[in-house]
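Heads up, the thing below is written out as structure tokens.
Here the structure is a predicted model, which is why all the values come from computation and not from measurement. A, B, ... follow the sequence lines: proteins, then strands. Residue 1 opens every chain. The analysis underlying the following values was restricted to heavy atoms, covering all of them including side chains, and did not include hydrogens, waters or symmetry mates.
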Number of protein chains: 2
Amino acid sequence: MKAIIPFKKEGAKSRLGDFLNEKEREELAIRMLRDVLVALSESEIEEVEIISTCSSGGEMIEELKSDLKLKLTVREDERGLNEVLNEVIKEENEPVLIIMADIPLAMSESINELIEHEEDVVIAPGRKGGTNALFLRRPSDFSVSYYGISCSEHIETAKRRNLSLAVYDSFFISVDIDEVEDFIELLIHGKGFSAEYLREIGVFLRVDKNSKMQAEVDR
Amino acid sequence: MKAIIPFKKEGAKSRLGDFLNEKEREELAIRMLRDVLVALSESEIEEVEIISTCSSGGEMIEELKSDLKLKLTVREDERGLNEVLNEVIKEENEPVLIIMADIPLAMSESINELIEHEEDVVIAPGRKGGTNALFLRRPSDFSVSYYGISCSEHIETAKRRNLSLAVYDSFFISVDIDEVEDFIELLIHGKGFSAEYLREIGVFLRVDKNSKMQAEVDR
């Protein structure tokens, strides 16, 4: 089975801008992608297509490819996410998993459970209404919409098109790393490249005087 | 199998204080407890003990009992959470599930999956290092520690005591409602009493001009 990962390196993770500089944000984005690829390579997924808005995609892939048991290709496309994805899935005759690049805690066991569902559409929600993984048994029957409350939009689309639907309940897939607060999850649960990178650049957890946990950076 | 739910009504959910008044916070706390009880009553759990720091526990229980297929008891105890729980589990010879009262999205299917594990200890993490559900096959062999990064503490305790361990990966169990931001999840995914209550008192979702979603209250 094939997975599709949308990926943006340049200007990635701008909401972390007060905390990490541009180079660090780009490096973190690549490390998170690498964690997702490792989970996919240990799952039943055999092939990954990265849809990249980044012009240096080719080089990046060569680097990522090493060590991974996956057929890895990259498609460069600078259009908006929905536009590209809907063009891609319209041509797809085999089941496909669309999975985000910024969910480094995702586990291969959960990916397998997700794609083993018999339903036409399986949605793994992200926080705040996102869709962090979306399994489409018949991709050409579906249309994605990744802005706003995409989770609700995808549920509605499945219903409107009479496609059977499951919501897959995974905490580790739900944790997308967008804001400094999300580093808390990554530092507590992360065992991969991106958690290691945060530790490398001096990000650590601190409990403040109101017993609230915070990620801070030491430099 | 038995579940234990720690519950605090008086002074509950103080971090929602800028948004809801005290009466609303207490009502929300009870509605969330009710959602958790419904999920438990539809699961394999047969018996629930609520550990309440609230002196009007008895009356509350009579109200909650109606309609639920559960043996429901209440223990009033004003000591700290760890102290009470550790005393309770020391006497417990049967497997027990400790589950939080503020996770209204928890589903009966997930609760069943969690308690069907063969491991001695199963942890379902909450956001920011919490432990939102904790299954103990041999409770008297364990000791809980619910402050700080309790998830890591519980993992360490299991290892130190040579107990086999699983981490159960559930988004809907991970969502505890502590802050206004958490209302976003409840409004998007909630179908129970607490989501209904938020809608009743005029809490709604708004996407601001930076495409950031926010919960607001209309009155």
Are there residues of [range] whose heavy atoms fall under 4.5 Å of chain B's heavy atoms? If so, which?
range: residues 156-176 of chain A; result: A/Val167, A/Asp169, A/Ser170, A/Phe171, A/Phe172, A/Ser174, A/Val175
range: residues 182-197 of chain A; result: A/Asp182, A/Ile184, A/Glu185, A/Ile188, A/His189
range: residues 198-206 of chain A; result: A/Leu205

Return yes when atom CD of A/Glu116 has more than 12 non-hydrogen atoms of other residues, nucleotides or ligands closer than 6.0 Å, and no otherwise. yes
Which one, A/Glu109, A/Met107, A/Arg127, A/Glu181, leads in non-hydrogen pairs under 4.5 Å with chain B? A/Arg127
Would you mind telling me which of B/Pro125, B/Ser152, B/Gly129 has the largest number of heavy-atom pairs within less than 4.5 Å of chain A? B/Pro125
Taking heavy atoms only and a threshold strictly under 4.5 Å, list by residue number the residues of residues 24-36 of chain B that touch chain A; give 'none' if the list is empty. none
